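Everything below concerns the one structure shown next.
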Protein chains: 2
Amino acid sequence: MAKRKISTFGEYIRQLRENAGLPLRKVAAQLDIDPSILGKIERNDRQPSKEQIKKLAVIFDQDENYLLSEYLSDQIAYKVLEEESNFDILKVAEKKVAYLKTKKNG
Amino acid sequence: MAKRKISTFGEYIRQLRENAGLPLRKVAAQLDIDPSILGKIERNDRQPSKEQIKKLAVIFDQDENYLLSEYLSDQIAYKVLEEESNFDILKVAEKKVAYLKTKKNG
DNA sequence: TTTGTTCGGACATAATTTGTCCTAATTAAA
DNA sequence: TTTAATTAGGACAAATTATGTCCGAACAAA
């Protein structure tokens, strides 16, 4: 697995788009949305839908699951930042994931 | 810090309520909502609001931030479970938290 | 300038959330 | 067993939030 450069989802998409030398207009057309929305997604002002993430993966030749993981980790980071106190909620969350998995299976 | 027993937020609240020997009706009244909603919260069928979490903390004499961390870690666990692939999104999220913090400060 | 891109707000519509109310199922008490 | 109370869960309405369009301002490049 290649090393992940840490940035927000929006920044990542913007980078991909600029590297491809495409204006918002072009990519937005492929996503079938208004350019201003894509601009907002790149500024982390709006959330992309799963469908849009899928299309972005195709457009920029990215692994779909990788891009989805970029998105979800963003979402999680924002949730963590909601907390001001010192509880390590990522550690707790990790345990809950295990708990919920065993619960589902039995 | 006392050891955290891992369970979902809803299960945790239910336990607190049953330990206190209170019916949904009583606690719901204090939260100023219908008992069925509280029941759903305890079955993880509905999300509590921040305001409700605050009130629950008071009712059951819990630290508000602790209870909030119980809630947020739940939310995060559910997000993680959305992902089927093997990317360790909690690790990525952790790095993004650091990234966003330095970004905010400078 | 002129042209194209990006930013960001006002607005409409769609989707989701939040709560009430009611009935059925379950549990506890008499 | 009967009766009463609690809990489960669905239909519905209202409120809130999300999603997208459209437009004009700001900015950049030609």
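To find a chain, count down the sequence lines: A is the first, B the second, and so on, and within it residues start at 1. As the structure is a computational prediction, the values presented were derived from the model and not from experiment.
For A:Leu38 and D:dC22, the CG to P distance is 17 Å, given to the nearest whole Å. If you take NZ of A:Lys26 and C1' of C:dT5, they are 13 Å apart, rounded to a whole angstrom. Whole-Å rounding puts the A:Leu24 CG to D:dA28 P distance at 15 Å. Per the geometry, CD belonging to B:Glu42 stands 14 Å off P belonging to D:dT6, to the nearest Å. The CZ atom of A:Arg25 sits 18 Å away from the C1' atom of D:dT21 (whole-angstrom rounding). A:Glu18 has its CD atom 11 Å from the P atom of D:dA29, to the nearest Å. Summarising the geometry, the separation between CZ on B:Arg43 and P on C:dT26 is reported as 13 Å, rounded to the nearest angstrom. The distance between atom CG of A:Asp45 and atom C1' of D:dG20, rounded to the nearest whole Å, is 14 Å.
Tested against A:Tyr12, the residues A:Gln62, A:Arg17, A:Glu42 include a single side chain to side chain donor-acceptor pair (under 3.5 Å) partner, A:Gln62.
In terms of heavy atoms, A:Ala77 sits closest to B:Ala93 at CB-O, 3.9 Å.
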Please produce a list of atom pairs where a protein N or O lies less than 3.5 Å from an N or O of nucleotides 16-23 of chain C.
from   : atom 1 : to      : atom 2 : distance (Å)
C:dG19 : OP1    : B:Gln52 : NE2    : 3.2
C:dG19 : OP2    : B:Gln52 : NE2    : 3.4
C:dG19 : N7     : B:Arg46 : NH1    : 2.6
C:dG19 : N7     : B:Arg46 : NH2    : 3.3
C:dG19 : O6     : B:Arg46 : NH2    : 3.1
C:dT20 : OP2    : B:Asp34 : N      : 2.7
C:dC21 : N4     : B:Ser36 : OG     : 3.0

Worked verdict on B:Phe87 versus B:Val92 for side-chain contact (heavy atoms from CB on, under 4.5 Å): CA-CA 9 Å; B:Phe87 300 109; B:Val92 180; 5.9 Å; no
Please test B:Tyr78 against A:Lys96 for side-chain contact (heavy atoms from CB on, under 4.5 Å), starting from the C-alpha separation and ending with a verdict. CA-CA 9 Å; B:Tyr78 297 139; A:Lys96 287 193 178 181; over 6 Å; no
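Note on the helix from C:dT1-D:dA30 to C:dA30-D:dT1: angle between the axes of the first and last five pairs equals 40°, rounded to 10 degrees.
Distance check: B:Ile37 CD1 to B:Leu24 CG gives 11.5 Å after rounding to the nearest 0.5 Å. Rounding to the nearest 0.5 angstrom, the gap separating the CD atom in A:Gln30 from the CZ atom in A:Phe60 is 8.0 Å. A distance of 6.0 Å separates CD in B:Glu83 from CG in A:Asn65, rounded to the nearest 0.5 Å. Atom OG of A:Ser85 is separated from atom CG of B:Asp63 by 7.5 Å, given to the nearest 0.5 angstrom.
A donor-acceptor pair shorter than 3.5 Å can be found between the side chains of B:Glu11 and A:Tyr99.
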